[in-house]
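Below is one structure; the comments refer to it alone.
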2 protein chains.
Amino acid sequence: MDNKKFEKISRALSDASRITILQEIRKKQGCLYCAEITDMLDLTQPSVSHHLKQLVDADLLIPEKEGRNIKYLLNQEVLADYIACLNFLRG
Amino acid sequence: MDNKKFEKISRALSDASRITILQEIRKKQGCLYCAEITDMLDLTQPSVSHHLKQLVDADLLIPEKEGRNIKYLLNQEVLADYIACLNFLRG
DNA sequence: TAGATACATTCAAATATTTCAAACTAACAG
DNA sequence: CTGTTAGTTTGAAATATTTGAATGTATCTA
């Protein structure tokens, strides 16, 4: 993972709403629907859509279309790579 | 570590200059002087000072005064806590 | 004590982020 | 086809971040 990618992931993780989204997905064994995420956040639907886009653009979430709905899955691999970079910083 | 703290650390990590600072400190076995950091970045001294403040405020760096100079040490403990939070997200 | 050095702070300009209302697209139901 | 539901995109306002010039403060040196 290069620095640009590391920076992008860090930025995606630097917002309270997005942290909540990831934590809730974790609680649900790594998968949540868009509508569920919108319900649990105190934001309008377009704002939630924006935050989800940040997480998807950073590859932290993988979107899966199911008809009109979208299911978001946690990207374990990218998260593991990010953690590996942080561990490297520890020397 | 609560979400506010996690958010602050993520934000501190979401800038190219600050990532470089941490990487260079790692290369030097976890410790660098302010002047060395200013020299290696293509930014003015006040800008570097600003970035160092972000890292210190997030507790990622520990400043140690040595006369007129300041030595910055990597805070291994906080970095480990941050990594633990990320590992928790993996479920 | 006077001048120099190391770093911080303040202020302002440029840029980026967050948020919502409004409008849009895609998929389903009848 | 028409209407509805799920989600995206656009545009604009509010706020935050990044950056550097100017200035301030603390420490060292002569």
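When reading the values below, keep in mind they use all heavy atoms of this one structure, side chains included, and skip hydrogens, waters and symmetry mates. Lettering of chains follows the sequences in order, A, B, ..., and the numbering in each one begins at 1.
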Please list every donor-acceptor pair under 3.5 Å in which a side-chain atom of residues 73-83 of chain A meets a protein atom from a residue at least two apart or in another chain.
unit_1, atom_1, unit_2, atom_2, d
Asn75(A), OD1, Glu77(A), N, 3.2
Asn75(A), OD1, Val78(A), N, 3.4
Asn75(A), ND2, Asp59(A), O, 3.0
Gln76(A), NE2, Arg90(B), O, 3.4
Tyr82(A), OH, Ser10(A), OG, 2.8
Tyr82(A), OH, Tyr82(B), OH, 3.3

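With rounding to whole Å, Leu52(A) atom CG is found 12 Å from dT9(D) atom P. The interatomic distance linking Glu66(B) (CD) with dC28(D) (P) rounds to 11 Å, in whole Å. Atom pair Glu36(B):CD and dA6(C):C1' shows a separation of 13 Å (rounding to whole Å applied). For the pair Leu32(B) CG and dA6(C) P, the computed distance is 16 Å after rounding to whole Å. For the pair Asp57(B) CG and dT9(C) C1', the interatomic distance rounds to 13 Å; values are reported in whole Å. Atom CD1 in Ile37(B) sits roughly 15 Å away from atom C1' in dA8(C) (whole-Å rounding).
A donor-acceptor contact shorter than 3.5 Å links the side chain of Glu36(A) to the backbone of Tyr33(A). Arg11(B) places no side-chain N or O within 3.5 Å of a backbone atom of Ala58(B) that could act as its donor or acceptor partner.
Using a 3.5 Å distance cut-off with no hydrogens or angles, the side chains of Thr44(B) and Ser47(B) do pair a donor with an acceptor. Asp15(B) and Gln54(B) form no side-chain donor-acceptor contact under 3.5 Å, judged by distance and modelled atom types alone.
Checking Asn69(A) against Lys53(A), the closest nucleotide of DNA chain D that is more toward the 5' end is the one next to Asn69(A).
The local environment of CG in Asp39(A) is crowded, with over 12 non-hydrogen atoms from other residues, nucleotides or ligands closer than 6.0 Å.
Tyr33(B) comes within 4.0 angstrom of no nucleic acid atom, judged by non-hydrogen atoms across all strands.
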Inset, instruction - Starting at the 5' end of nucleotides 10-26 of chain D, put B wherever the base has a protein heavy atom under 4.0 Å, S where only the sugar-phosphate does, and a dash everywhere else. - result: -------SSBBBB---S
